[in-house]
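Here's the structure, in C-alpha cells; my notes come after.
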Amino acid sequence: MNPQLPTLPYDLIIVGAGAAGLSAALGFLRSFDTEAAGRDPRVLVVSKLQPLRSHTGSAEGGIAASLGNVEHDDWHWHYFDTVKGGDFLVDQDMAKILAHDAPATVIALEHDGVAFSRLQDGHIAQRLFGGHTSDFGKASVHRTAYAADRIGHQILHSLWQQCVKQNVDFAEEWYVTDLVVDHDDPDGAACRGIVVLDTHTGELHALAAANVILATGGAGRLFHTTSNSWDLTGDGMALALRAGLQLEDSEFVQFHPTGLAHTGILLSEAARGEGGVLRNANGEAFMERYAPDHKDLAARDVVTRSIASEVEAGRGVADPMQPNGPKDCVWLDLRSLGRQTLESKLPEVYSTIRTYAGIDAATDLVPVKPTAHYTMGGIPIDKDGRVYTVGADGERAFVSGLYAAGECSCGSVHGANRLGANSLLDACLFGHRAGLAVCSSVLESAAQADPDATSDVSAALPPALTQALARRTAAIDSLLHPAATSGASAPANAPSGNAPHGTADNNDRDNDNPYAVMSDLGGLMERDLAIHCSEQTITHALESIESSIAPRAQRLTAHSASAAFNQELVAIMESRNLALVATAMATATLARHESRGSLHRDDFPQRDDSGFLKHSFVGSRGELAWEPVTIVDFQPQARTY
C-alpha cells in the first residue's frame with residue numbers, strides 16, 4: 001500500500017519492516033501525544049520487501065528473557081552471560097539494559113498477540129539455549145521463550161498486525177538508494193532524508209524527514225553459505241558508509257554451527273536445546289572435549305570452531321546427497337528426541353530436514369556445517385538508537401535525526417559473539433527505544449514551535465536532499481542507458497566504467513551480471529574470512545575486492561532500459577553495497593591483531609585485552625578509529641564453557 005507522498009516532511013521514516021522497524025513504529029506512535037503536538041503523527045515505513053517477507057520471519061529458536069517460568073532465573077545472570085558470550089567486547093551499560101528490560105519486552109510481545117508455546121500452568125514456555133546459564137555460568141538455564149520453532153514468524157505477524165491497527169503507512173517494495181546526511185550544518189552532521197526507488201513504477205523520490213531510523217537487517221549475503229535470505233545485502237550499512245559515516249566492529253560475523261549441509265539453511269539451536277547432540281565420523285559426541293561443562297550448548301563461536309577442528313582432524317563426514325564430496329560436515333543426532341517431540345516442538349526443523357535433505361531426523365543422522373548467520377557489527381548507536389561517529393581522538397559525534405536498530409546497527413550488546421535468542425530481543429527492545437526517543441524529540445520540538453506559525457506546505461526540499469536526488473537520477477539513467485550517457489561526464493556519485501557499446505569493456509559488461517558478482521564475492525569471503533583467517537587471506541580478500549569485485553560491480557549496467565519492475569537494477573545496487581561492506585569488514589579484520597569471539601586469526605590466536613579491548617570504527621575510505629569497551633560490573637576473564 002504505497003502512500004500518497006505528502007508535501008510536508010515526515011516526523012519519522014523507518015527503513016526496514018522487520019522486528020526492529022515495526023517495534024520502532026509502534027514505540028513512536030503509542031507514545032505520540034496528538035494533543036500536545038497539535039496534529040497527527042507523520043510516519044512512513046519503507047521496505048524493499050512486503051513486510052511479512054522480512055527476514056525476522058525466519059527466526060526459529062526463541063527470544064531470551066529471565067522470566068523464570070521453568071526454574072529460577074535472574075536478569076543479572078542473563079547480563080553476565082551476554083557479556084561473557086561476547087568475549088568481553090560487550091559495552092556493559094548496554095547489555096544491562098538488554099537483560100533488565102528483556103522480561104518486559106517479552107510480556108509486551110505477548111500482549112501484542114505473539115502466540116508463545118505454553119507450560120501446563122499457562123505460563124510462557126522456555127527452553128535451554130547455548131550460553132545461557134544460571135548463577136553466573138554454573139549450569140544451563142531455561143531462559144528462551146519460544147513458539148515451537150516459529151518465533152520469528154509469530155513476532156513479525158503480530159507486530160505487523162499492530163502496525164496496521166495503528167494505520168501505519170507502508171511503502172512496500174521501495175528500495176532506498178541514498179541516505180542524505182548534511183555534513184555542512186553548523187551544528188554538526190544532520191540527517192535530511194532519503195532517496196528511494198519505487199520498484200513498481202521505476203520512479204525516484206526524495207523524502208524529507210526530521211528523523212530516520214535504519215532497520216535494514218544484516219549482510220549475510222557476503223558469504224556463499226549463509227542462513228540469510230537473498231535480500232540481506234548490507235544495504236543499511238552501505239547507506240551509512242556512503243553518507244560519510246562508520247561501521248563499528250564489522251570484523252565480527254557469527255557462523256551458526258548447524259546449517260543444513262551445503263544449503264546454508266538454518267537448523268535452529270532449539271534442536272540442541274531440546275537434546276540434540278553433535279557427533280563426528282566416529283560417532284563421538286565431540287563437544288565434551290571442547291566444552292566439558294556445557295557441551296553442545298556452549299556459545300555459538302565455540303561450537304562452530306569445534307566443528308571446524310573435527311573436520312580438519314579428519315573426523316568430518318560427507319553430505320549424503322554428495323557422498324563423493326568433501327568431508328566437511330558433522331552429524332546432528334536428533335534421534336533420541338523421538339518423532340512426537342520433533343513434530344510438536346521442532347516442526348520447522350523436522351520439515352526442513354525432510355524437504356531439503358530427504359532425511360527423517362527421527363531415525364537418521366543429519367549432516368550439518370557452519371553457515372554465516374549474523375553480523376555483530378554495524379552502524380554505531382547509543383542506548384536510544386542515536387547514530388554517532390568516532391573521531392581520531394575517540395570522541396563521539398552524533399548525527400542529528402539519524403537512528404538505527406536491529407542487525408544493521410551495533411549497540412555493542414553482542415560484542416564479538418551474539419548469544420542465541422538475543423537477536424530478536426535486541427531488535428524488539430532497542431527498536432522500541434529508538435521509536436520512543438524519536439517521539440520525545442518530535443514532541444519537544446513541537447512544544448518549542450511558535451503556536452501562531454503556519455506550516456508552508458510548499459516548502460522546498462533541503463538542498464542536500466535535492467542534490468542527492470539529482471545525482472541518483474543521473475546514476476540510474478547511466479545504468480539504464482549506458483550508451484547514451486557514457487560520453488558525458490559522470491556526476492560525482494554516479495557509477496564509473498560505463499563504456500559505450502562496441503568497446504572492449506562492453507563485452508565484459510554484457511557477459512557479467514550482479515548475481516555472478518555477488519556469488520564470486522561470497523566465495524571469496526568464505527575462503528578468506530570465514531571462521532578463521534590470517535593476514536595473508538585477509539590481504540588477498542581486500543586486493544581481490546579492489547581489483548576485481550568492486551570494478552565489476554561498477555561496470556554493470558541493466559539489460560533492460562525500463563526502471564519499472566527491473567529487479568536487475570536493484571541487484572546491481574545490492575552488489576555494490578556488498579562490495580563496500582566487504583571492504584570495510586576486511587579492513588577492520590586486518591587491523592585487529594587478536595582472536596576474540598567469532599573472529600579467529602591463525603596468526604594471532606590469543607585474545608589481547610591489553611591491545612584490543614576496544615571497538616573498531618571504519619569508514620568508506622578505510623579510515624580507522626577506536627573506542628574503549630565500557631566495563632561496569634564484570635572484568636574480562638578466561639572464557640570457558
Side-chain angles (χ1 to χ4, degrees), residues 19-20 23-24 27 62-68 72-109 126 129-138 141 143-145 248-249 252 254 299 374 376-388 390 396 398 403-407 409-437 440 596-597 609 613-615 627-637 639:
S23 294
I63 179 170
S66 55
L67 298 170
H72 176 61
D73 201 359
D74 189 312
W75 73 265
H76 294 89
W77 300 344
H78 186 190
Y79 170 30
F80 170 78
D81 290 339
T82 298
V83 173
K84 178 185 175 183
D87 216 348
F88 296 92
L89 199 74
V90 173
D91 281 343
Q92 295 180 19
D93 54 343
M94 297 288 286
K96 182 176 285 190
I97 294 171
L98 184 82
H100 180 271
D101 292 356
T105 299
V106 170
I107 297 302
L109 288 170
Q126 294 181 274
F129 237 63
H132 291 278
T133 70
S134 63
D135 202 13
F136 304 103
K138 289 188 176 179
V141 69
R143 181 176 293 145
T144 300
E248 178 182 0
D249 290 345
F252 297 106
Q254 181 175 88
Y374 190 88
M376 270 75 72
I379 304 164
I381 61 169
D382 73 351
K383 62 183 178 64
D384 294 315
R386 298 188 300 160
V387 173
Y388 64 88
V390 171
R396 292 184 177 184
F398 286 90
Y403 301 74
E407 193 174 350
S409 71
C410 180
S412 301
V413 292
H414 305 306
N417 170 70
R418 176 181 66 78
L419 287 188
N422 269 358
S423 59
L424 288 172
L425 175 61
D426 171 22
C428 295
L429 194 161
F430 284 102
H432 178 74
R433 288 181 67 94
L436 293 180
S440 177
R596 184 186 296 269
D609 289 338
L613 193 62
K614 55 187 179 182
H615 303 293
E627 183 183 60
V629 171
T630 300
I631 296 176
V632 179
D633 297 300
F634 307 113
Q635 291 298 318
Q637 58 185 254
R639 181 169 171 261

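FYI, the numbering just counts along the sequence from 1.
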Write down the atom of [X], the atom of [Y], and the distance for their closest heavy-atom approach.
X: Cys410; Y: Gly377; answer: CB-C, 3.9 Å
X: Ala102; Y: Ala64; answer: CB-O, 3.6 Å
X: Thr82; Y: Val90; answer: O-CG2, 3.5 Å
X: Ala95; Y: Val83; answer: CB-CG2, 4.1 Å
X: Leu424; Y: Gly62; answer: CD1-O, 3.7 Å
X: Gly137; Y: Asp81; answer: N-OD1, 4.3 Å

With a 4.5 Å limit on heavy-atom distance, are the side chains of [X] and [Y] in contact?
X: Lys96; Y: Asp633; result: yes
X: Ile97; Y: Val413; result: no
X: Leu613; Y: Ile631; result: yes
X: Val387; Y: Phe398; result: no
X: Leu98; Y: Asn422; result: yes
X: Lys138; Y: Trp77; result: no
X: Phe634; Y: Lys84; result: no

Sub-3.5 Å donor-acceptor pair from the side chain of Ser409 to the main-chain atoms of Gly406, do we have one?
yes
Value rounded to 0.5 Å, distance of [atom1] in [X] from [atom2] in [Y]:
X: His78; Y: Thr133; atom1: NE2; atom2: OG1; value: 10.0 Å
X: Glu407; Y: Ser423; atom1: CD; atom2: OG; value: 7.5 Å
X: Asp426; Y: Met376; atom1: CG; atom2: CE; value: 12.0 Å
X: Arg596; Y: Asp87; atom1: CZ; atom2: CG; value: 5.5 Å
X: Tyr403; Y: Asp382; atom1: OH; atom2: CG; value: 8.5 Å
X: Arg418; Y: Tyr374; atom1: CZ; atom2: OH; value: 5.5 Å

Verdict with supporting geometry, Glu248 and Ser412, side chain to side chain contact (heavy atoms under 4.5 Å, CB included):
CA-CA 9 Å; Glu248 178 182 0; Ser412 301; 2.8 Å; yes
For the pair Asp101 and Arg433, find out whether any cationic side-chain nitrogen is under 4.0 Å from an anionic carboxylate oxygen.
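Judged by the 4.0 Å cut-off on N to carboxylate O distance, Asp101 and Arg433 do form a salt bridge.
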Please confirm whether Phe252 and His414 have ring centers closer than 6.0 angstrom.
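Aromatic pair excluded; centres sit 6.0 Å or further apart.
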Might you work through the side chain to side chain contact (heavy atoms under 4.5 Å, CB included) test for His132 and Leu419, ending with a clear yes or no?
CA-CA 8 Å; His132 291 278; Leu419 287 188; 3.9 Å; yes
Using a 6.0 Å cut-off, check whether atom NZ of Lys614 has over 12 heavy atoms from anything other than its own residue.
yes
Check Leu67, Val106, Thr144 against Gln126 for a side-chain contact (heavy atoms from CB on, under 4.5 Å) and give me the one that passes.
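By the side-chain contact (heavy atoms from CB on, under 4.5 Å) criterion, Gln126 pairs with just one of Leu67, Val106, Thr144: Leu67.
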Begin from the C-alpha positions of Asp249 and His615 and carry the test side chain to side chain donor-acceptor pair (under 3.5 Å) through to its verdict.
CA-CA 6 Å; Asp249 290 345; His615 303 293; 2.7 Å; yes
Where does the angle between the aromatic ring planes of Trp75 and Tyr79 fall among parallel (under 30°), tilted (30 to 60°) and perpendicular (over 60°)?
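Rings of Trp75 and Tyr79: parallel, as their planes differ by under 30°.
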